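Owing to the predicted nature of the structure, the values given are computational and were not obtained by experimental measurement. Residue numbering restarts at 1 for every chain, and letters A, B, ... go by the order of the sequence lines.
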Amino acid sequence: MVEVTLPDGTAKSLDSGATGADLAAAIGARLAKAALVVKVDGRLTDLSTALPNGATVEIVTAASADGLDVLRHSTAHVLAQAVLRLWPGAKYAIGPTITDGFYYDFELPNGARFSDDDLERVADEMRAIMREDQPFIREEHTIDQGLAIFAEQPFKSEIIRAVGTAATEEDLREVGDGGAVSTYRNSESFTDLCRGPHVPSTSRLGFFKLMRVAGAYWRGDEKRPQLQRIYGTAWDSKEALELHLYRLEEAERRDHRKLGQELDLFSFPTEIGPGLAVFHPKGGTLRRLMEDYSRQRHVDGGYEFVTSPHITKAELFETSGHLQWFADGMYPPMELDEGQRYYLKPMNCPFHVLIFKARQRSYRELPLRLFEFGSVYRYEKSGVVHGLTRVRGMTQDDSHIFCTREQMNDELTSLLEFVLDLLREFGLNDFYLELSTRPPAKAVGSDEEWAEAEATLESVARAAGLELVLDEGGGAFYGPKISVQARDAIGRTHQMSTIQLDFQQPKRFEATYIGPDNQRHRPIMIHRALFGSVERFIAILIEHYAGALPTWLSPEQVRVLSVRDDHDDYAFEVASLLRADGARVVVEPASEPLGARIRKAKMEKIPYVLVVGDDDVTSGTIGINARGSNDPERGVSLDDFRHRFANEVASHGRPEE
RNA sequence: GCCUGGGUAGCUCAGUCGGUAGAGCAACGCAUUCGUAAUGCGUAGGUCGGGAGUUCGAAUCUCCCCUCAGGCUCCA
C-alpha cells in the first residue's frame with residue numbers, strides 16, 4: 001500500500017506500485033480522462049510513474065499552466081516525428097515550449113528547407129500520428145547509451161555530451177541532470193531525447209496550428225549552422241485555439257504600421273530608405289503635441305534645454321567608447337578635410353558632456369539637467385527594422401543629469417517619479433521595473449563602481465514600490481540601468497523609459513566640477529530617455545489605443561457636419577467658436593449624404609462628430625456623436641459641449657471613458 | 001547579415017497554360033440636399049518594385065538587386 005496526500009489535504013490509499021493514472025482513476029472518471037501528468041512533491045512526472053509512499057500528489061490537467069506546457073511540449077515531439085517521417089535523414093535539434101506554443105529546430109537532408117506549403121503536409125502527418133494513439137514511453141540511459149542511440153543525430157549528441165559539464169538551462173530541459181539521460185519513445189522509429197514529462201499518448205493532443213517557418217541559429221549563435229524552425233501553437237480545446245487565433249488577429253488590427261497608413265500619420269517612402277520615416281500632417285501634429293507637453297513638463301522639472309549637431313568628428317565617439325563597442329551599429333563615416341572622419345551621431349550623451357565641460361562648473365550648479373529632443377541615426381541590420389519601433393533614424397527625448405555622488409540617490413528617486421508620472425499622463429498605468437546589471441563581455445569601469453551603481457539603482461527601484469525584475473547582464477557598457485516596462489491595453493509589455501547610471505563618461509571626458517572644498521571632483525552622469533524614442537512611443541500609443549487616441553492627442557478632435565447645405569454657415573460658425581477655444585476642428589459641408597460623412601469620420605477615429613441641422617440652427621445647439629458611443633445626443637447646447645470638451649482635453653481623457 | 005514568404009492603380013486585392021491589365025474603395029467631375037457608419041452616374045489613374053536574361057511574345061519563366069512581413073542574431 002502507498003498513501004499519498006492530495007492538494008486539498010485529504011489522504012488517499014492505493015495499491016503499492018500505483019501510478020498517477022491509477023490515482024486519477026480512483027478520484028474520478030472525469031479527472032482520469034483529463035489527467036495529463038502528475039505533480040509529485042512539486043515535481044512534474046509522467047502519469048505512468050509509480051507514486052512514492054507519503055508524497056503530496058496533484059493531478060495536472062490542461063486547465064493549469066503546467067498542464068498546457070506539457071501538452072505543448074508533447075505536441076513539439078509529434079512535430080519532430082512528423083518531420084522525420086516526411087524527410088528521412090532529417091536531423092532534429094531542440095523543441096521547447098514558448099508562450100502560447102512551441103517550436104522545433106531541424107536540419108533537413110541535402111540542405112532542404114521548409115516552405116510555407118510544407119506546414120500543411122507536416123500538420124497532416126502530425127494528425128495521423130495523433131490518431132495512431134502512440135504512447136510516450138520514458139526510458140533512462142547512461143550517457144554512453146544515449147550517445148549510441150543518437151549516433152546519427154549530431155545536435156542530440158552535442159546536448160548529451162554537455163550533460164554534467166556545460167549544460168545550459170535549455171539542455172537540461174531536454175535531458176534532465178544527474179549524469180543520466182532520459183528519452184521518450186513514441187514508436188519503434190521515433191525516440192526523442194527529453195527530460196519530460198509527457199502526456200500519456202499522442203491521442204491526447206490535437207488542438208494545434210503550425211504558424212510559420214523561420215531560420216534560427218543552432219544554440220542562438222550566428223557563427224553556427226542555421227537550422228529550420230517551425231513555430232506552432234497548441235491548446236486543450238478547439239475553443240481555446242480559436243480564441244488564441246482571434247487574439248492574434250486583434251493584435252494585427254492594432255498594428256501601428258497598418259493604423260499609421262489608415263489614419264494618414266506617417267510612411268516609409270522607399271526612396272528615402274529602410275527604417276527612415278516621414279510624418280504626415282496628422283502624425284506631425286501628434287508628435288508636436290507630445291513634444292510640447294514633454295517640453296513643458298521638463299521646464300517644470302528644472303531641465304535646461306540644449307541642442308547638438310547631427311554629425312561629429314570620430315574623436316568624440318572614440319573618447320566615449322561607442323566606436324569601440326558599436327561601430328557596427330553606426331553609419332559609416334564620411335571623410336572630410338584631408339581625412340577627418342565625421343560620423344552621424346548614434347547617441348546624444350557625449351555632446352551633453354561637452355556642454356557640461358564648456359566652462360568651469362561649480363557644485364552649486366548641480367544637479368545640472370540637460371535636455372534635448374535629439375535626432376540620432378543607427379545603422380540597424382537590414383533584417384531588424386520594424387515599423388516605428390526599430391528604425392534607423394529617430395528622435396530621443398534625451399536628458400543627461402550631472403550630479404554629485406551624494407545627490408545621486410535623491411536625483412534618481414525623483415527622476416523615477418517624474419518618468420512614471422509623465423507616462424501616466426499618456427494613459428499608461430500598469431508598470432513594472434527591470435534592473436539591468438553589468439554585461440559580462442563588454443563593460444568598462446571597476447568592480448567597485450559597478451557594485452555601487454547597481455546597489456544604488458536597486459535601492460531606488462525598490463523604494464518605488466513597483467514589481468522589480470532582474471535582467472542579469474543587460475546593462476550598457478558604461479553602467480547599469482533601470483527600465484520602466486509598461487503593459488498595454490491587450491497585456492503586452494513594452495520597454496519604455498530607461499534610466500542609466502554612468503560613472504564612465506565623465507571620467508573618459510575628464511569632466512569635473514569644483515566642490516565646496518575648492519577641489520576638482522568627478523560628477524556622476526545619469527542618462528535618461530523617457531519616451532525612449534518619440535517614434536517608438538508613438539507606435540506604442542497607437543497600439544495601446546488601437547488608433548483611438550485620447551482627445552488631447554488627436555490630430556483632428558472635432559468634425560462638424562451640416563445636415564443640409566443651408567446649415568453649412570452654422571457649421572462653420574460652430575467650428576470657429578471651438579477653434580477659439582483651441583480645438584482642432586474640421587467642417588465637412590453637405591456634399592455627400594450625412595451617413596457617408598459620419599462613417600468616414602468614424603473610420604478616422606475622430607473623438608467628436610458634431611451634426612448640425614434645422615433644430616440646431618434655430619436653437620443654437622449641436623448634435624454630438626462621440627467616438628465609441630452608439631447613441632448620438634441631440635440638442636446639446638454649444639456651451640455645454642465646450643465645457644465638456646475642455647475638461648476632457650485638460651484631464652487627458654477620452655470620449656470612451 | 002541569415003532563413004521563409006511577399007511587392008500589380010493612392011489603399012485592399014484578382015489576374016488560368018507565357019499572348020500586352022481588372023475590381024472595390026479613395027480621387028476628380030456632374031447630378032443629388034439628406035438628422036447619425038457607404039446616393040447615383042461618369043472620368044481619370046499602372047514602365048505589374050528595379051535591372052538583366054530566355055522567348056516571336058514576360059505581371060507570369062531564370063538570375064541579380066531594392067524593399068516589406070514573420071523569425072534568428074543584434075539593440076549603446
Side-chain angles (χ1 to χ4, degrees), chain A residues 103 105 113-119 211-231 252 255 257-258 261-262 264 267-275 317 320-330 345-350 376 378-387 389-391 396 439 442 474-479 481 495 498 500 502 505 527 529 532 561-568 589-604 609-616 622-626 629-635:
Chain A
Y103 66 78
D105 287 347
R113 301 194 178 97
F114 294 122
S115 73
D116 281 0
D117 296 338
D118 291 331
L119 287 185
M211 304 300 286
R212 47 184 46 103
V213 303
Y217 299 105
W218 169 232
R219 292 184 175 271
D221 182 346
E222 67 181 325
K223 290 180 193 67
R224 308 205 55 178
Q226 188 167 48
L227 306 178
Q228 292 285 300
R229 174 173 297 179
I230 292 179
Y231 281 95
E252 228 169 275
D255 192 312
R257 294 164 301 184
K258 189 177 155 67
Q261 162 90 267
E262 287 171 7
D264 195 18
S267 59
F268 294 89
T270 53
E271 293 86 340
I272 298 176
F317 286 108
S320 73
H322 288 97
L323 262 174
Q324 184 189 345
W325 303 113
F326 294 104
D328 286 353
M330 292 169 65
K345 71 169 166 181
M347 288 292 278
N348 301 304
C349 41
V376 298
R378 298 176 178 185
Y379 184 72
E380 300 286 1
K381 286 195 211 169
S382 66
V384 308
V385 294
H386 178 98
T389 59
R390 193 81 183 267
V391 289
Q396 294 181 314
K442 41 180 161 183
F477 68 86
Y478 48 73
K481 67 180 177 193
Q495 178 174 315
T498 59
Q500 295 175 308
D502 183 356
Q505 299 291 330
H527 301 241
L561 310 179
S562 48
V563 173
R564 232 179 20 248
D565 60 7
D566 48 322
H567 308 127
D568 285 351
S591 56
E592 271 188 295
L594 182 61
R597 286 176 289 151
I598 298 263
R599 178 168 190 270
K600 217 163 87 186
K602 289 285 180 185
M603 291 201 304
E604 291 176 48
V609 179
L610 304 186
V611 175
V612 294
D614 286 332
D615 301 348
D616 301 300
I622 53 171
I624 304 176
N625 190 330
S629 155
N630 286 323
D631 54 317
E633 304 158 54
R634 287 283 296 272

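The ring-ring contact (aromatic ring centres under 6.0 Å, His included) check on A:Y231 picks up A:Y103, with sequence neighbours excluded. Listed by chain and number, the residues in a side-chain hydrogen bond (donor to acceptor under 3.5 Å, both in side chains) with A:R599 amount to none (sequence neighbours excluded). A:D614 is linked by a salt bridge (Lys or Arg N to Asp or Glu O under 4.0 Å) to A:R564, counting only residues two or more places apart in sequence or in another chain. Shown here are the salt bridge (Lys or Arg N to Asp or Glu O under 4.0 Å) partners of A:R212, two or more places apart in sequence or in another chain: there are none. Under the rule for a salt bridge (Lys or Arg N to Asp or Glu O under 4.0 Å), the partners of A:E604 that lie at least two apart in sequence or sit in another chain are A:K282, A:R559. Taking A:N625 as the reference, A:K602 meet the side-chain hydrogen bond (donor to acceptor under 3.5 Å, both in side chains) condition, with sequence neighbours excluded. Remark: A:K481 pairs with no residue by the side-chain hydrogen bond (donor to acceptor under 3.5 Å, both in side chains) rule, at least two apart or across chains. The side-chain hydrogen bond (donor to acceptor under 3.5 Å, both in side chains) test applied to A:Q228 returns no partner, not counting sequence neighbours. Evaluation of the ring-ring contact (aromatic ring centres under 6.0 Å, His included) rule for A:F477 yields A:H322, A:W325, A:F326 as partners, not counting sequence neighbours.
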Check nucleotides 25-32 of chain B against the protein and report each pair of N or O atoms closer than 3.5 Å, with its distance, or say if there are none.
none

Distances for protein N or O near nucleotides 61-64 of chain B N or O, under 3.5 Å:
none

Could you go through nucleotides 4-15 of chain B and list every protein N or O atom that sits under 3.5 Å from one of its N or O atoms, giving the distance for each pair?
from	atom 1	to	atom 2	distance (Å)
B:U4	OP1	A:R113	NE	3.4
B:U4	OP1	A:R113	NH1	3.2
B:U4	O2'	A:D116	OD1	3.2

